[in-house]
Amino acid sequence: MKDQLIEKFRATYGRAPEILAYAPGRIEFIGNHTDYNGGTVLGAAIDRGVAVALAGRADGQRRFASDEREEIVTLRADQMAKLSGAQSWVNYPLGVLAALPVFGARAPAGFDYFAVSNLPTGAGLSSSAAIELASGLVFLEAAGERLARETLVKIGKHAENNFVGVPCGILDQGVSGFGQKNHLVFIDCRGPRFATVPLPAGAHFWIFNTHTKHALVDGLYATRHRECMAAAQALGVSLLVETDAAALEAGRVKLAPEVYRRAKHIVDEIARVEATSTALAQGDLAAVGGLLTASHRSSQHLFENSTAELDFLVDTLVATPHVFGARLTGGGFGGAVMAMTDADFGDAQAQTVAAAYAKKFGAAPDILHTQTGDGARLLT
Ligand code: GLA
(Lines give C-alpha, C1' and ligand atoms only; values in the text may rest on other atoms or scores of the structure.)
Protein backbone atom coordinates (compact mmCIF):
# COMPACT_ATOMS: atom_id res chain seq x y z
CA MET A 1 0.00 0.00 0.00
CA LYS A 2 2.85 2.35 0.88
CA ASP A 3 4.61 1.90 -2.48
CA GLN A 4 1.36 2.39 -4.34
CA LEU A 5 0.70 5.57 -2.35
CA ILE A 6 4.13 7.04 -3.07
CA GLU A 7 3.79 6.22 -6.76
CA LYS A 8 0.34 7.81 -7.01
CA PHE A 9 1.50 10.87 -5.14
CA ARG A 10 4.41 11.28 -7.55
CA ALA A 11 2.21 10.72 -10.59
CA THR A 12 -0.26 13.35 -9.37
CA TYR A 13 2.04 16.04 -8.03
CA GLY A 14 5.36 15.34 -9.78
CA ARG A 15 7.34 15.09 -6.56
CA ALA A 16 7.84 12.82 -3.58
CA PRO A 17 5.66 12.97 -0.45
CA GLU A 18 7.25 14.04 2.83
CA ILE A 19 4.96 12.41 5.39
CA LEU A 20 2.97 9.17 5.21
CA ALA A 21 0.41 7.72 7.61
CA TYR A 22 -2.00 4.80 7.75
CA ALA A 23 -5.13 4.10 9.77
CA PRO A 24 -7.19 0.89 9.73
CA GLY A 25 -10.88 0.26 9.33
CA ARG A 26 -12.64 -1.56 12.14
CA ILE A 27 -15.24 -4.12 12.91
CA GLU A 28 -17.71 -3.42 15.65
CA PHE A 29 -17.33 -6.67 17.60
CA ILE A 30 -20.15 -6.08 20.09
CA GLY A 31 -21.70 -2.99 21.64
CA ASN A 32 -24.18 -1.73 19.09
CA HIS A 33 -25.03 1.97 19.45
CA THR A 34 -23.77 1.84 23.02
CA ASP A 35 -21.01 4.41 22.47
CA TYR A 36 -23.05 7.61 22.37
CA ASN A 37 -25.12 6.26 25.26
CA GLY A 38 -22.00 6.30 27.43
CA GLY A 39 -21.73 2.50 27.47
CA THR A 40 -18.96 0.08 26.67
CA VAL A 41 -18.03 -1.46 23.34
CA LEU A 42 -15.55 -3.93 21.87
CA GLY A 43 -14.13 -3.47 18.38
CA ALA A 44 -11.18 -4.69 16.35
CA ALA A 45 -8.95 -2.86 13.92
CA ILE A 46 -8.68 -4.88 10.73
CA ASP A 47 -5.81 -5.37 8.29
CA ARG A 48 -7.20 -2.91 5.74
CA GLY A 49 -7.43 0.83 5.86
CA VAL A 50 -6.56 4.20 4.41
CA ALA A 51 -3.07 5.60 3.79
CA VAL A 52 -2.39 9.28 3.28
CA ALA A 53 0.68 11.13 1.92
CA LEU A 54 1.47 14.79 2.24
CA ALA A 55 4.08 17.31 1.15
CA GLY A 56 4.13 20.97 2.16
CA ARG A 57 3.51 23.86 -0.26
CA ALA A 58 4.85 27.37 0.25
CA ASP A 59 1.98 29.10 -1.62
CA GLY A 60 -0.68 28.27 0.98
CA GLN A 61 -2.73 26.16 -1.42
CA ARG A 62 -4.20 22.89 -0.23
CA ARG A 63 -4.61 20.25 -2.91
CA PHE A 64 -6.50 17.02 -2.23
CA ALA A 65 -6.56 13.92 -4.42
CA SER A 66 -7.40 10.27 -3.93
CA ASP A 67 -7.29 7.02 -5.86
CA GLU A 68 -11.08 6.99 -6.01
CA ARG A 69 -11.67 10.28 -7.84
CA GLU A 70 -10.02 11.85 -10.87
CA GLU A 71 -10.35 15.42 -9.74
CA ILE A 72 -7.75 17.29 -7.68
CA VAL A 73 -9.62 19.57 -5.27
CA THR A 74 -7.70 22.82 -4.75
CA LEU A 75 -8.55 25.10 -1.81
CA ARG A 76 -6.95 28.14 -0.19
CA ALA A 77 -6.06 27.63 3.46
CA ASP A 78 -8.92 29.91 4.50
CA GLN A 79 -11.50 27.96 2.46
CA MET A 80 -13.13 25.81 5.10
CA ALA A 81 -16.70 25.49 3.81
CA LYS A 82 -18.18 22.01 3.60
CA LEU A 83 -18.02 20.50 0.11
CA SER A 84 -20.70 18.53 -1.69
CA GLY A 85 -21.14 16.01 -4.49
CA ALA A 86 -18.02 14.31 -5.86
CA GLN A 87 -15.84 16.53 -3.66
CA SER A 88 -17.57 15.56 -0.41
CA TRP A 89 -14.87 13.01 0.52
CA VAL A 90 -12.60 16.02 1.20
CA ASN A 91 -14.89 16.91 4.14
CA TYR A 92 -13.07 14.25 6.19
CA PRO A 93 -9.59 15.79 5.99
CA LEU A 94 -11.12 19.28 5.98
CA GLY A 95 -13.11 18.47 9.14
CA VAL A 96 -9.87 17.32 10.78
CA LEU A 97 -8.16 20.59 9.79
CA ALA A 98 -11.09 22.49 11.32
CA ALA A 99 -10.89 20.40 14.51
CA LEU A 100 -7.15 20.84 15.14
CA PRO A 101 -7.34 24.35 16.68
CA VAL A 102 -10.22 23.21 18.91
CA PHE A 103 -7.69 20.86 20.53
CA GLY A 104 -5.00 23.53 20.72
CA ALA A 105 -3.05 22.30 17.69
CA ARG A 106 -1.95 24.27 14.64
CA ALA A 107 -3.08 23.15 11.20
CA PRO A 108 -0.55 23.05 8.34
CA ALA A 109 -1.13 25.85 5.81
CA GLY A 110 -0.38 24.72 2.24
CA PHE A 111 0.14 21.12 1.12
CA ASP A 112 -0.44 18.45 -1.49
CA TYR A 113 -2.41 15.50 -0.13
CA PHE A 114 -3.17 12.07 -1.55
CA ALA A 115 -5.26 9.24 -0.03
CA VAL A 116 -5.47 5.58 -1.04
CA SER A 117 -7.76 2.98 0.45
CA ASN A 118 -8.18 -0.78 0.37
CA LEU A 119 -11.25 -0.64 2.56
CA PRO A 120 -14.68 -1.08 1.02
CA THR A 121 -16.72 2.10 1.58
CA GLY A 122 -20.29 1.94 2.84
CA ALA A 123 -19.76 -1.50 4.35
CA GLY A 124 -19.82 -0.35 7.95
CA LEU A 125 -16.06 -0.80 8.31
CA SER A 126 -15.43 2.88 9.08
CA SER A 127 -13.49 4.12 6.14
CA SER A 128 -14.42 7.59 7.39
CA ALA A 129 -12.67 7.13 10.76
CA ALA A 130 -9.67 5.66 8.93
CA ILE A 131 -9.28 8.68 6.65
CA GLU A 132 -9.80 11.05 9.59
CA LEU A 133 -7.09 9.44 11.68
CA ALA A 134 -4.57 9.01 8.86
CA SER A 135 -5.17 12.66 7.88
CA GLY A 136 -4.85 13.80 11.49
CA LEU A 137 -1.46 12.09 11.77
CA VAL A 138 0.02 13.69 8.65
CA PHE A 139 -1.39 17.14 9.49
CA LEU A 140 -0.04 17.03 13.05
CA GLU A 141 3.36 15.90 11.83
CA ALA A 142 3.44 18.62 9.16
CA ALA A 143 2.56 21.26 11.76
CA GLY A 144 5.20 19.91 14.17
CA GLU A 145 2.59 19.01 16.79
CA ARG A 146 2.87 16.06 19.19
CA LEU A 147 -0.45 15.03 20.69
CA ALA A 148 -1.55 12.02 22.72
CA ARG A 149 -3.26 9.24 20.78
CA GLU A 150 -6.45 9.89 22.68
CA THR A 151 -6.48 13.47 21.40
CA LEU A 152 -6.05 12.26 17.81
CA VAL A 153 -9.07 10.01 18.34
CA LYS A 154 -11.10 12.91 19.73
CA ILE A 155 -10.07 15.13 16.80
CA GLY A 156 -11.43 12.50 14.39
CA LYS A 157 -14.70 12.26 16.27
CA HIS A 158 -14.98 16.03 16.46
CA ALA A 159 -14.55 16.24 12.67
CA GLU A 160 -17.26 13.65 12.15
CA ASN A 161 -19.72 15.25 14.62
CA ASN A 162 -19.19 18.90 13.81
CA PHE A 163 -18.00 19.08 10.21
CA VAL A 164 -19.31 15.99 8.47
CA GLY A 165 -22.39 16.18 10.69
CA VAL A 166 -22.89 12.61 11.94
CA PRO A 167 -23.71 12.37 15.68
CA CYS A 168 -21.56 9.24 16.08
CA GLY A 169 -19.87 8.08 19.26
CA ILE A 170 -16.19 7.29 19.74
CA LEU A 171 -16.16 3.64 18.65
CA ASP A 172 -14.83 4.01 15.10
CA GLN A 173 -12.08 6.52 15.79
CA GLY A 174 -11.18 4.83 19.10
CA VAL A 175 -10.69 1.43 17.49
CA SER A 176 -8.81 2.81 14.50
CA GLY A 177 -6.55 4.71 16.91
CA PHE A 178 -5.96 2.06 19.57
CA GLY A 179 -6.19 -1.13 17.50
CA GLN A 180 -3.64 -3.86 18.01
CA LYS A 181 -3.09 -7.07 16.07
CA ASN A 182 -4.64 -10.13 17.75
CA HIS A 183 -6.47 -7.88 20.18
CA LEU A 184 -9.84 -6.27 20.59
CA VAL A 185 -10.17 -2.68 21.72
CA PHE A 186 -12.38 -2.18 24.75
CA ILE A 187 -13.78 1.33 25.17
CA ASP A 188 -15.57 2.69 28.17
CA CYS A 189 -17.10 5.59 26.30
CA ARG A 190 -17.79 7.74 29.34
CA GLY A 191 -14.10 8.44 30.09
CA PRO A 192 -13.39 7.69 27.41
CA ARG A 193 -11.04 4.95 28.52
CA PHE A 194 -9.32 2.65 26.03
CA ALA A 195 -7.81 -0.79 26.66
CA THR A 196 -6.76 -3.73 24.55
CA VAL A 197 -7.99 -7.25 25.25
CA PRO A 198 -6.29 -10.34 23.78
CA LEU A 199 -8.37 -12.15 21.22
CA PRO A 200 -8.32 -15.90 21.95
CA ALA A 201 -6.43 -17.88 19.30
CA GLY A 202 -8.63 -19.60 16.77
CA ALA A 203 -11.11 -16.78 16.14
CA HIS A 204 -11.48 -15.85 12.48
CA PHE A 205 -13.46 -12.98 11.02
CA TRP A 206 -15.46 -13.02 7.83
CA ILE A 207 -17.25 -9.96 6.53
CA PHE A 208 -20.18 -10.23 4.12
CA ASN A 209 -20.83 -6.86 2.55
CA THR A 210 -24.36 -6.61 1.17
CA HIS A 211 -23.73 -3.35 -0.71
CA THR A 212 -27.16 -2.29 0.47
CA LYS A 213 -27.52 1.01 2.18
CA HIS A 214 -30.78 2.40 3.35
CA ALA A 215 -31.34 5.66 1.50
CA LEU A 216 -32.01 7.41 4.80
CA VAL A 217 -29.17 5.83 6.73
CA ASP A 218 -27.74 9.08 8.14
CA GLY A 219 -31.19 10.27 9.11
CA LEU A 220 -32.05 6.93 10.69
CA TYR A 221 -28.84 6.95 12.74
CA ALA A 222 -29.73 10.42 14.00
CA THR A 223 -33.28 9.23 14.78
CA ARG A 224 -31.96 6.36 16.91
CA HIS A 225 -29.65 8.83 18.64
CA ARG A 226 -32.63 11.08 19.43
CA GLU A 227 -34.78 8.16 20.64
CA CYS A 228 -32.02 7.06 23.03
CA MET A 229 -31.65 10.57 24.41
CA ALA A 230 -35.43 10.84 24.80
CA ALA A 231 -35.47 7.55 26.74
CA ALA A 232 -32.69 8.75 29.03
CA GLN A 233 -34.49 11.99 29.69
CA ALA A 234 -37.81 10.27 30.46
CA LEU A 235 -36.01 7.90 32.84
CA GLY A 236 -34.35 10.83 34.61
CA VAL A 237 -30.74 10.03 33.65
CA SER A 238 -28.37 11.91 31.40
CA LEU A 239 -27.29 8.84 29.40
CA LEU A 240 -28.78 5.35 29.15
CA VAL A 241 -25.64 3.82 30.67
CA GLU A 242 -26.85 5.21 34.01
CA THR A 243 -29.97 3.05 34.02
CA ASP A 244 -30.35 -0.73 34.31
CA ALA A 245 -32.85 -3.42 33.39
CA ALA A 246 -34.90 -3.03 36.59
CA ALA A 247 -35.10 0.78 36.37
CA LEU A 248 -36.02 0.52 32.69
CA GLU A 249 -38.92 -1.83 33.48
CA ALA A 250 -40.04 0.44 36.31
CA GLY A 251 -40.00 3.44 33.99
CA ARG A 252 -41.49 1.66 30.98
CA VAL A 253 -44.87 3.44 31.28
CA LYS A 254 -43.14 6.74 30.66
CA LEU A 255 -41.78 5.61 27.29
CA ALA A 256 -43.42 5.30 23.89
CA PRO A 257 -43.25 1.61 22.83
CA GLU A 258 -40.53 2.13 20.23
CA VAL A 259 -38.49 4.30 22.61
CA TYR A 260 -38.70 1.51 25.19
CA ARG A 261 -37.43 -0.99 22.62
CA ARG A 262 -34.46 1.25 21.73
CA ALA A 263 -33.57 1.68 25.41
CA LYS A 264 -33.90 -2.05 26.09
CA HIS A 265 -31.49 -2.80 23.25
CA ILE A 266 -28.93 -0.42 24.74
CA VAL A 267 -29.30 -1.65 28.34
CA ASP A 268 -29.13 -5.33 27.29
CA GLU A 269 -26.27 -4.64 24.89
CA ILE A 270 -24.13 -3.04 27.58
CA ALA A 271 -24.71 -6.19 29.69
CA ARG A 272 -23.71 -8.31 26.68
CA VAL A 273 -20.44 -6.41 26.30
CA GLU A 274 -19.62 -7.24 29.90
CA ALA A 275 -20.59 -10.90 29.43
CA THR A 276 -18.46 -10.98 26.26
CA SER A 277 -15.43 -9.62 28.13
CA THR A 278 -15.83 -12.40 30.71
CA ALA A 279 -16.22 -15.10 28.05
CA LEU A 280 -13.17 -13.77 26.18
CA ALA A 281 -11.07 -13.91 29.33
CA GLN A 282 -12.12 -17.56 29.69
CA GLY A 283 -11.31 -18.25 26.03
CA ASP A 284 -14.89 -19.45 25.54
CA LEU A 285 -15.49 -18.63 21.88
CA ALA A 286 -18.77 -20.55 21.77
CA ALA A 287 -20.19 -18.31 24.50
CA VAL A 288 -18.82 -15.22 22.76
CA GLY A 289 -20.46 -16.32 19.50
CA GLY A 290 -23.81 -16.76 21.23
CA LEU A 291 -23.59 -13.20 22.53
CA LEU A 292 -22.74 -11.85 19.06
CA THR A 293 -25.83 -13.49 17.60
CA ALA A 294 -27.97 -12.31 20.53
CA SER A 295 -26.79 -8.78 19.80
CA HIS A 296 -27.98 -9.15 16.23
CA ARG A 297 -31.38 -10.43 17.32
CA SER A 298 -31.72 -7.39 19.54
CA SER A 299 -30.86 -5.11 16.60
CA GLN A 300 -33.40 -6.98 14.52
CA HIS A 301 -36.30 -6.85 16.96
CA LEU A 302 -35.64 -4.01 19.40
CA PHE A 303 -33.38 -1.39 17.85
CA GLU A 304 -34.76 -2.12 14.37
CA ASN A 305 -31.53 -1.17 12.64
CA SER A 306 -31.26 -4.43 10.70
CA THR A 307 -32.55 -5.26 7.22
CA ALA A 308 -33.93 -8.38 5.52
CA GLU A 309 -30.53 -8.82 3.81
CA LEU A 310 -28.55 -8.68 7.04
CA ASP A 311 -31.02 -10.98 8.83
CA PHE A 312 -30.80 -13.53 6.04
CA LEU A 313 -27.00 -13.57 6.23
CA VAL A 314 -27.05 -14.01 10.00
CA ASP A 315 -29.66 -16.79 9.79
CA THR A 316 -27.67 -18.60 7.10
CA LEU A 317 -24.34 -18.16 8.84
CA VAL A 318 -25.44 -19.37 12.27
CA ALA A 319 -26.88 -22.49 10.63
CA THR A 320 -23.47 -23.20 9.02
CA PRO A 321 -20.89 -25.41 10.81
CA HIS A 322 -17.79 -23.70 12.25
CA VAL A 323 -19.59 -20.38 12.81
CA PHE A 324 -19.52 -19.21 16.44
CA GLY A 325 -21.86 -16.28 15.86
CA ALA A 326 -22.78 -13.50 13.46
CA ARG A 327 -24.17 -9.99 13.64
CA LEU A 328 -24.47 -6.76 11.75
CA THR A 329 -21.41 -4.62 12.34
CA GLY A 330 -21.67 -0.85 12.69
CA GLY A 331 -24.62 1.48 12.51
CA GLY A 332 -26.91 -0.89 10.63
CA PHE A 333 -29.67 -0.13 8.07
CA GLY A 334 -27.56 -1.98 5.48
CA GLY A 335 -23.84 -2.55 5.26
CA ALA A 336 -22.17 -5.75 6.37
CA VAL A 337 -22.50 -8.79 8.59
CA MET A 338 -19.53 -10.05 10.55
CA ALA A 339 -19.15 -13.72 11.41
CA MET A 340 -16.72 -15.12 13.94
CA THR A 341 -15.70 -18.62 12.91
CA ASP A 342 -13.16 -21.29 13.72
CA ALA A 343 -10.23 -22.08 11.42
CA ASP A 344 -12.20 -24.74 9.53
CA PHE A 345 -14.64 -22.25 8.05
CA GLY A 346 -13.17 -21.54 4.64
CA ASP A 347 -13.87 -20.18 1.18
CA ALA A 348 -16.15 -23.11 0.30
CA GLN A 349 -18.49 -22.38 3.24
CA ALA A 350 -18.37 -18.65 2.59
CA GLN A 351 -19.28 -19.20 -1.08
CA THR A 352 -22.23 -21.40 -0.08
CA VAL A 353 -23.56 -18.62 2.14
CA ALA A 354 -23.01 -16.08 -0.64
CA ALA A 355 -24.78 -18.30 -3.20
CA ALA A 356 -27.83 -18.71 -0.94
CA TYR A 357 -27.92 -14.93 -0.52
CA ALA A 358 -27.57 -14.34 -4.28
CA LYS A 359 -30.44 -16.74 -4.96
CA LYS A 360 -32.71 -14.71 -2.71
CA PHE A 361 -31.53 -11.16 -3.34
CA GLY A 362 -30.17 -11.35 -6.88
CA ALA A 363 -26.55 -10.29 -6.25
CA ALA A 364 -23.82 -11.94 -4.18
CA PRO A 365 -22.28 -10.13 -1.21
CA ASP A 366 -18.56 -9.34 -1.21
CA ILE A 367 -16.64 -11.66 1.06
CA LEU A 368 -13.69 -10.51 3.10
CA HIS A 369 -11.67 -12.82 5.36
CA THR A 370 -10.00 -10.31 7.63
CA GLN A 371 -7.39 -10.47 10.32
CA THR A 372 -7.05 -8.02 13.15
CA GLY A 373 -4.44 -5.32 12.57
CA ASP A 374 -2.55 -2.53 14.29
CA GLY A 375 -3.91 0.97 14.83
CA ALA A 376 -3.19 4.32 13.19
CA ARG A 377 0.50 5.20 12.70
CA LEU A 378 2.96 7.28 10.75
CA LEU A 379 4.69 5.23 8.05
CA THR A 380 8.43 5.58 7.88
C1 GLA B 1 -21.45 3.85 13.64
C2 GLA B 1 -20.99 5.03 14.47
C3 GLA B 1 -20.42 4.55 15.80
C4 GLA B 1 -21.40 3.64 16.52
C5 GLA B 1 -21.92 2.56 15.57
C6 GLA B 1 -23.04 1.75 16.17
O7 GLA B 1 -20.36 3.06 13.28
O8 GLA B 1 -20.02 5.76 13.77
O9 GLA B 1 -20.07 5.66 16.61
O10 GLA B 1 -22.45 4.38 17.08
O11 GLA B 1 -22.41 3.11 14.36
O12 GLA B 1 -22.59 1.08 17.29
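Both counts, for ligands and for their atoms, begin at 1 and track the order of listing. The figures that follow rest on heavy atoms only: side chains count, while hydrogens, waters and symmetry mates do not.
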Atom indices of ligand 1, in the order listed, that fall short of 4.0 Å to a heavy atom of Gly330: 6 (C), 11 (O)
For Cys168, atoms of ligand 1 separated by under 4.0 Å from a heavy atom: 2 (C), 8 (O), 9 (O)
Element-labelled atoms of ligand 1 that are located less than 4.0 Å from some non-hydrogen atom of Tyr221: 1 (C), 2 (C), 3 (C), 4 (C), 9 (O), 10 (O), 11 (O)
Proximal atoms of ligand 1 relative to Arg26 (non-hydrogen, under 4.0 Å): 7 (O)
Ring-ring centroid check His225 Tyr36, cutoff 6.0 Å: yes
Side-chain donor-acceptor contact under 3.5 Å, Tyr260 with Glu249: yes
Val253: hydrophobic cluster co-members (side-chain, 4.5 Å): none
Atom 8 (O) of ligand 1: the protein heavy-atom neighbour that sits closest, reported with distance to 0.1 Å: Asp172 OD2, 2.5 Å
Sub-6.0 Å ring centroid separation between Tyr221 and Phe333: no
Closest approach of any protein heavy atom to atom 6 (C) of ligand 1, naming residue and atom: Glu28 OE1, 3.1 Å
Residue Asp35 vicinity, atoms of ligand 1 by number, heavy atom under 4.0 Å: 3 (C), 4 (C), 9 (O), 10 (O)
Per-atom contacts of ligand 1 with Gly169, taking only distances under 4.0 Å to non-hydrogen atoms: 9 (O)
Tyr36 N/O under 3.5 Å from ligand 1 N/O: no
Residue pairs, two or more places apart or on separate chains, that pass ring pair (Phe, Tyr, Trp, His ring centres under 6.0 Å) and touch residues 170-190: Phe178-Phe194
Pairwise side-chain contact, Arg272 with Ile30, heavy-atom cut-off 4.5 Å (strictly under): yes
Sub-4.0 Å heavy-atom contact, Gly31 with ligand 1: yes
Check: Asp268/Ser298 side-chain N/O donor and acceptor closer than 3.5 Å: no
Test item, Arg224 contacting ligand 1 (heavy atom, 4.0 angstrom): no
Residue part near ligand 1, for Glu160, under 4.0 Å between non-hydrogen atoms: neither
Pair Asn32, Ser295: side-chain N/O donor-acceptor within cut-off below 3.5 Å: no
